[in-house]
Amino acid sequence: MSFDLDIGYATLAGRGGANEDFAGALAGDAGEDQRGAIAAIADGVSTGGMGREAAQTTVTSLVRDYFGTPATWDTTVALDRVIAAQNAWLVGINRRRAPALGLTTLTALVLRGQSYALAHVGDTRAYLLRGGALELLTADHVVAHPDFSHQLTRSVGADDRLVVDYRQGEVQAGDLFVLLTDGVHGSLPEREIAALARAAAGDGPPHDAPSGARAQSIAQGLVAAARQRGSSDDATALVLRVRGVAIATLHDATLRARELPVPPALKVGDAIDGLTVTALVSDSGVARLYQVRDGATRRLYALKTVHPRRAHDAEERATLAHEGWLARRMQGGRAADHLVRLRDGPPGGPSSAFYLLYDWHGGDTWQQLLDRGQRPAPAQAVALALQVARTLGQLHRQGVVHRDIKPSNLHQGDDGSMRVLDLGVALSGREPAATRALHAGTPSYVNPEQWDDPPQPVDARSDLFALGVTLYQLLTGALPYGEVVPYQRGRYWRDPLPPSRRNPAVPIWLDHVVLKAVARDAAQRFETAEELVLALERGASRPVTAPPPTPLVARDPAALWKIGLAVSLLLNALLVYWLLFLPR
C-alpha cells in the first residue's frame, strides 16, 4: 500500500518580478512505492544572481534522483547522497562562473512506510500540524542578529562541505505537513499559520472534499495571507495532507516481530491461520520451515518462523524480520524472477503469529540433485551459473550481499526456473547488528579473507567466490579446497586441481573461469558479477587467463620455518653420525 496524499501548492512572485522559489513533489509508481513520496521546497538566493536556476535544479534533481537510489538504503542516506552530489555540482559551476553564483536553501520531506525523514538547509521551513497543534520541524540557518537575520549561514552551492540537518519521526493518518519559504513564514506568526491550516482543513473526513482541494486551499490561503501582511518577497507554500500511510518499513516489521507470538512447534496436520501443515521441511535449531496448504484454495506455501526455543531471543526475531523486509524490497526489482515471492500474510486475513509466508515451488535444490548422483553437464552448469551470477549482480547493485551461496540454496523448480533461496543472513546495510557480526556462510564456500585475523569485510566478492566453489562442485562433484566442517578454520594450502582433471568433459576455457573464480588471492578473482557473466558468455571465443600458481610461501606462511627446521635437523643428524661413526 502506498501513501494516500493530498498535495497543494501555491506561489507568488515578489516585487522583484522574477520568482526564485521552486517546489516539487512526487510519489512512487507501482514499482517504486516502497520508497514512499518526496516533496521539496527551495528559495534561491537573489544576491547570487542565479538563485532561480539553483533552486530549480536542486529540487528537480532531488525529487528525480531520490527514486534512483537503492530501495535498501535508509532514507537519510539516500537524501544525503543526492544532496551532496547536487551541492558538489553547484559548487563546481559557481567556481567557473563567479561572481554570478547560484545558491539556494532546501527543505525536503520524505514519507516512507509509517515514518518521515526531513532534510534541511537554510531558512525555508517545515511545520507539522497534528491534532490541532503546530510544530516547527526545522531551525533557520541565519546570522543570529536582528539586523542580519536575512543572511544565510548555510546554503546549497556555497561550500564543498555541506552540513544538512536531518530529522525523523512517525507519520499518522491526518497529519498535515506545511513547507514554506521565508516570504510566507517571515510575515505570518505561527499561531496564524496554525489557524489558517486548521480552518482550511476542516473537521470532516478527507473524502468529503475533492482530491487536492483541502491541501490546495491551505497553500493558497497561506500565500494570500502573507501578501496581505505586506510580504514583498517571493512567497511559496507546499502542503501535504496524509490521508493514508504505507506499511512494511523495516522499523515497522521489527516492531511487529516483537509484538506477535512465535508459533509453537507444529506437527503434520496442525493448522494456523487457515493453513494446514503438510511437512516439516527443515529445522536448524534457530528457525523452522514448514510446507503448509491453504484450506480454501489448496495452494501450497512455505512457512518460516523462529524456533520455539528461540522465541524470547530478540535478535533472532529481528533477523527474521529483516529477512522478510528484504525479500519484500527485492520483489520490485529485476532479481524478483529468481527469488521466491514473499506473501503479505495468510490468504484469510492478518496473521496471528510471527512468521514469513513464501510461495512454494516444486522441484529440488542442486544439493539434493548432487546427493542423488545427478551431476549437470558442463553446458547446463554454465547456464545455471549465468542465472545465479545475473541475480547476484542485481542484488549487489541494490547493496545486498547474500553471504550463503551454495547448492542447497539454489533451487531448480518444476517450472524450469532457477531460484536463489534464503536471505536470512544477507547484508543490506540495515541488518541487525547481530546479523552483521555473525560469521555467516557455509565454511566450505567461505572466501579465504574471512578466515584472516581480523577477518576482512564481507562484500559482493564473497558471493562470487561461493558461486565459483558451487560451479566447481557441480562440474566435478568435489570441493576445490576440500570439505571444511563447522567450527573448523578453512585451509588453503594448495591450489585446486583444474575441473577438467576430475571431469574430462569440462573445456579448458571453463577451467580458467572456475579457477579464476576460486583463486586463493582475491586480486586474481572476478571483481563483479557482471565480469563473471561476461566470461561465461564469451566462453572459448575470448577465454580468460587462468591465475598463476600460488607461491608456497603465500599458501603456507610458515613454510620457510618448516624448511629451515628440516634442513637444521638434517645437518644435526649428519653431524651426530660423523661424530659417532666416521673414523678420526
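Side chains of I41 and V59 form no contact here, defined as non-hydrogen atoms less than 4.5 Å apart. Here the side chains of R317 and V262 are in contact, with some heavy-atom distance below 4.5 Å. Counting only heavy atoms from C-beta outward, the side chains of R64 and V82 never approach each other to under 4.5 Å. Taking 4.5 Å as the limit, every side-chain heavy atom of L79 sits out of range of all side-chain heavy atoms of T69.
Between the side chains of S351 and D273, no donor-acceptor pair of N or O atoms lies under 3.5 Å. Side-chain N/O atoms of T365 and H411 include no donor and acceptor closer than 3.5 Å. Counted by atom type alone, T75 and R112 present one or more donor-acceptor pairs between their side chains at under 3.5 Å.
With sequence neighbours excluded, no residue forms a side-chain hydrogen bond (donor to acceptor under 3.5 Å, both in side chains) with H402. Taking the side-chain hydrogen bond (donor to acceptor under 3.5 Å, both in side chains) definition, one finds that R436 meets it with E431, sequence neighbours left out. Remark: F177 pairs with Y116 by the ring-ring contact (aromatic ring centres under 6.0 Å, His included) rule, at least two apart or across chains.
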Which pairs of donor and acceptor atoms, one on a side chain in residues 394-401, lie under 3.5 Å apart (sequence neighbours left out)?
unit_1: Q394; atom_1: OE1; unit_2: A335; atom_2: N; d: 3.2
unit_1: H396; atom_1: ND1; unit_2: L392; atom_2: O; d: 3.3
unit_1: H396; atom_1: NE2; unit_2: D463; atom_2: OD2; d: 2.9
unit_1: R397; atom_1: NH1; unit_2: E530; atom_2: OE2; d: 2.2
unit_1: Q398; atom_1: OE1; unit_2: A71; atom_2: N; d: 3.3

Show me the donor-acceptor pairs, under 3.5 Å and distance only, between side chains in residues 369-386 and residues at least two apart or in other chains.
unit_1: D371; atom_1: OD1; unit_2: Q367; atom_2: NE2; d: 2.9
unit_1: R372; atom_1: NH2; unit_2: D364; atom_2: OD2; d: 3.1
unit_1: R375; atom_1: NH2; unit_2: T476; atom_2: O; d: 3.4

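Note that CG of L339 and CG of D359 are 12.0 Å apart. Values are rounded to the nearest 0.5 Å. If you take CG on L118 and OG1 on T138, they are separated by 6.5 Å, rounding to the nearest 0.5 Å.
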Exercise for the section: Evaluate the criterion salt bridge (Lys or Arg N to Asp or Glu O under 4.0 Å) for residue pair D511 and R502; output intermediate values, then yes/no. Expected result: CA-CA 11 Å; D511 262 354; R502 299 178 183 272; over 6 Å; no
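Between R341 and D337 there is no salt bridge, since none of the side-chain N atoms of the basic residue sits less than 4.0 Å from a carboxylate O of the acidic one. The pair K516-D521 does not count as a salt bridge, with every side-chain nitrogen at least 4.0 angstrom from each carboxylate oxygen. A salt bridge links K406 with D404: the distance from a Lys NZ or Arg NE/NH1/NH2 to an Asp or Glu carboxylate oxygen falls below 4.0 Å. Ionic pairing of E449 and R461 is not present here: no N-O contact between side-chain nitrogen and carboxylate oxygen is shorter than 4.0 angstrom.
Applying the ring pair (Phe, Tyr, Trp, His ring centres under 6.0 Å) definition to pairs two or more places apart or across chains, those involving residues 296-323 are H322-W325.
A cation-pi geometry, defined here as NZ or CZ lying under 6.0 Å from the six-membered ring centre and within 45° of its normal, does not hold between R299 and W360.
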